[in-house]
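Scroll down for the structure; my scribbles are underneath it.
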Amino acid sequence: MDGGLTLTWLIVLLVIISLHNSRWVSGTFHENQSSRRKLTAKEGFISIDCGIAPGSYYTDSETEIYYTSDAGFTDTGINYNVSEEYVYQNNDQHLKNVRSFPEGDRNCYTLWPGQGKNHKYLIRARFLYGNYDSKNQLPIFKLYLGVDEWTTVNIRNVTSTYRKEIIHIPITDYIDVCLVNIGSGTPFISVLELKRLNDSIYSPAEPGSLILYDRWDFGTQQEEWKLIREKDDVYDRIWKPNTWWSWLSINSSVVSSSFSTSDYKLPGIVMATAAKPANESESWGISLSIDDDPSQKLYMYMHFAEVEDHKGQIREFTVSVNDEPFSGPVAPRLLFSDTVSSKYSISGSTTKKLSFSLERTNRSTLPPIINAMEAYMIKEFPQSSTQQNDVDAIKRIKSDYAVGRNWQGDPCLPMEYQWDGLTCSHNTSPTVISLNLSSSNLSGNILTSFLSLKSLQTL
C-alpha cells in the first residue's frame with residue numbers, strides 16, 4: 001500500500017475516533033499550559049532561577065520577587081552550581097546556579113505570559129559563568145527570540161554577570177527564548193525573566209523591538225558602586241549609577257511616591273537624585289561611543305524631575321543631540337517625573353558617537369538637570385513562524401506521547417534547527433508535510449491531533 005493511501009486510511013480512522021470520543025480532541029496540552037500560566041504569571045511577572053532543583057521556589061529578600069525553578073519551562077539541559085570560590089563574590093541567590101546545554105544545537109525556554117499576545121513585555125536573561133563546569137572555558141553563543149536572532153552572548157570573564165534585555169510584542173500567546181550553540185562553547189543561563197509593561201510606553205515610531213543599550217541613574221550618591229534594582233520599580237528595571245567629574249549631584253530630601261505616577265512608573269530612588277553641571281553657567285553633557293556599529297539606530301528616553309524647591313526661580317532648558325535640536329524647552333516639575341523620548345531613531349553614523357547636551361534657556365535662572373536616561377537599539381523581528389495550527393498540533397503530539405526528542409522552539413524555523421523527524425514546506429508560513437516517529441517507542445491510542453496537520457502527506 002503506498003504512502004498516500006495509508007495516510008488516507010489513517011485520516012478516516014482518526015475521524016471515527018474523533019466522532020466517538022470527543023474527549024481526545026481537548027487533550028492535555030492546553031490544560032497543562034493554562035495551569036502553567038496561572039502558576040507563573042502572577043502580576044505579569046515570570047521570574048525563573050535557572051538550574052535550581054525542580055519544584056523549588058523562593059522570594060528574593062531585597063526585591064520581593066518570586067523565583068521558581070525552570071523545570072516546567074524547558075525539557076533539556078543539566079543543572080550546575082557556580083564554583084564555591086565565586087559564590088562569595090555575589091549575594092544574589094539567583095546567580096549561584098545555572099542550567100547548561102551541552103547537547104543539541106538549539107535549546108529553548110517557553111514562556112506563557114498571562115496577558116498573552118500583542119502586549120508589551122520586558123524580557124531579560126542573565127549569565128554568570130563562575131566556572132560552573134570546572135573547565136575555565138568561556139563560551140560564546142546566540143540568543144534567539146522565537147525564530148529570530150536576538151543577540152550574541154560573549155562571556156569574557158568568569159566572575160562578571162552579563163545581562164541581555166529586550167522590549168518585545170509577541171504575536172503568539174507564548175514566547176520561545178532559545179540558546180543556540182555556534183561551536184564556541186556550551187550555552188548556559190542563570191536567570192530568565194519576563195515583565196509585563198504598559199502598552200503605551202517605549203513605543204518606537206518604526207516597527208521593531210527595543211534591545212537595551214544601557215540604562216543610567218544620574219546623581220546617585222551611594223557609597224558603593226552597584227546596580228540599582230528597587231522593589232518599588234513595578235517594571236523591575238535595573239539601573240546603572242553614572243557620575244562624572246564635571247557634574248554635581250543633587251537629591252531630594254524625600255523619596256516621594258509622586259515620582260512614580262507617570263506611565264513609565266519610574267522608581268522614586270532613581271528619580272530622587274539628579275546631576276547638574278559643576279559650573280552652573282555651562283551646559284550639561286554626556287557622550288555615547290558607538291564605534292562597534294555607528295549606523296546602529298537608537299531610541300532615547302530621558303527622565304526629568306525637579307528635586308529641589310526653588311520658589312521664585314525658573315529651571316528650563318533645551319536638549320540637543322550632536323548639536324541638533326532634540327527637544328524643546330523642558331521645565332521639570334517638583335517631585336513629578338516627565339519623560340522626553342525620541343520621535344525617530346538617531347545614530348552616530350558620521351561621528352561614531354552621540355553627544356547629548358542640556359542648555360539653559362535665556363529666561364532660566366537655574367542650570368539644567370537630568371535624573372535618568374535609557375538607550376535602546378531598534379531591531380525588527382519578522383516573527384515569521386510555522387502555521388499556528390501545526391505548532392499546536394505537533395506540541396500536543398509531543399506532550400501526549402511524551403516524545404523524548406529535543407523538540408523545542410518553532411518546529412520548522414529556522415531551517416537549520418528544524419525538529420528531528422519533521423519535513424516542512426518552506427513557504428511564507430511553513431507547514432508540516434512529513435512526520436517520522438519511528439524509533440520513538442510510542443504507545444497508546446492514535447491522537448486526533450494528527451488531523452490538525454492539514455498539509456501532512458507522509459506519516
Side-chain angles (χ1 to χ4, degrees), residues 1-19 22 24-33 75 104-112 116-118 144-150 168-178 180 380-440 442 444-459:
M1 185 178 295
D2 61 35
L5 188 56
T6 301
L7 185 59
T8 299
W9 278 106
L10 176 61
I11 291 173
V12 171
L13 177 60
L14 289 171
V15 170
I16 294 172
I17 294 174
S18 177
L19 291 173
S22 60
W24 286 107
V25 176
S26 61
T28 60
F29 175 73
H30 286 297
E31 294 169 6
N32 291 340
Q33 298 307 321
D75 299 333
D105 292 333
R106 178 180 67 167
N107 292 272
C108 301
Y109 285 79
T110 301
L111 309 179
W112 290 82
K117 62 185 176 182
N118 299 325
Y144 274 65
L145 202 56
V147 303
D148 301 304
E149 183 179 331
W150 168 4
H168 182 68
I169 301 176
I171 60 173
T172 59
D173 286 330
Y174 57 88
I175 302 170
D176 288 324
V177 179
C178 302
V180 174
E380 187 170 1
F381 286 78
Q383 297 196 66
S384 59
S385 59
T386 303
Q387 286 191 12
Q388 194 59 47
N389 285 342
D390 281 26
V391 174
D392 291 343
I394 199 68
K395 287 189 174 183
R396 281 196 296 268
I397 292 168
K398 174 192 174 183
S399 174
D400 291 346
Y401 281 138
V403 177
R405 302 180 183 181
N406 183 6
W407 278 8
Q408 298 184 68
D410 188 275
C412 298
L413 295 172
M415 291 178 63
E416 59 267 34
Y417 306 123
Q418 181 175 289
W419 288 7
D420 179 42
L422 269 65
T423 303
C424 301
S425 64
H426 287 286
N427 45 32
T428 304
S429 184
T431 58
V432 177
I433 60 174
S434 177
L435 178 58
N436 183 356
L437 293 173
S438 61
S439 73
S440 293
L442 305 186
N445 294 285
I446 298 175
L447 301 176
T448 55
S449 300
F450 289 103
L451 285 172
S452 298
L453 299 173
K454 303 297 185 182
S455 300
L456 188 66
Q457 301 171 11
T458 306
L459 177 62

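Values in this document were obtained by computation on a predicted structure and should not be read as measured data. This chain uses plain numbering: 1 for the first residue, then up along the sequence.
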Distance from Glu416 atom CD to Asp105 atom CG, nearest 0.5 Å? 9.0 Å

So do Leu456 and Val432 actually touch side chain to side chain, heavy atoms under 4.5 Å? yes

For the pair Ser425 (side chain) and Thr431 (backbone), establish whether a donor and an acceptor sit closer than 3.5 Å, ignoring hydrogens and angles. yes

Is there a side-chain contact between Trp419 and Arg106 (heavy atoms, below 4.5 Å)? yes

Do Ser385 and Val391 come close enough that some side-chain heavy atom pair is under 4.5 Å? no

Just verifying a value: how many Å separate Leu453 CG and Ile394 CD1, rounded to the nearest 0.5 Å? 5.5 Å

Within the distance-only criterion (no hydrogens, no angle test), does the side chain of Asp173 pair as donor or acceptor with the backbone N or O of Lys117 below 3.5 angstrom? yes

Identify the two heavy atoms, one from Asn118 and one from Ile171, that lie closest to each other, and give their separation to 0.1 Å. OD1-CA, 4.1 Å

At what distance, to the nearest 0.5 angstrom, does CG of Asn107 lie from SG of Cys178? 8.5 Å

Distance from Asn436 atom CG to Thr458 atom OG1, nearest 0.5 Å? 10.0 Å

Contact summary for Gln418 and Thr423, nearest pair of heavy atoms: NE2-CA, 3.7 Å

In terms of ring plane angle, is the pair His168 and Phe381 parallel, tilted or perpendicular, where the classes change at 30° and 60°? perpendicular

Considering all heavy atoms of both residues, which atom of Tyr174 and which atom of Lys395 are nearest to each other, and what is their separation? CE1-NZ, 3.9 Å

d(Asp390 CG, Ile433 CD1) to nearest 0.5 Å is 10.5 Å

If you look at every heavy atom in Ser384 and Leu413, which pair is closest and at what distance? O-CD1, 3.7 Å

For the atom pair CG (Asp420) and CH2 (Trp407), what is the distance rounded to the nearest 0.5 Å? 8.0 Å

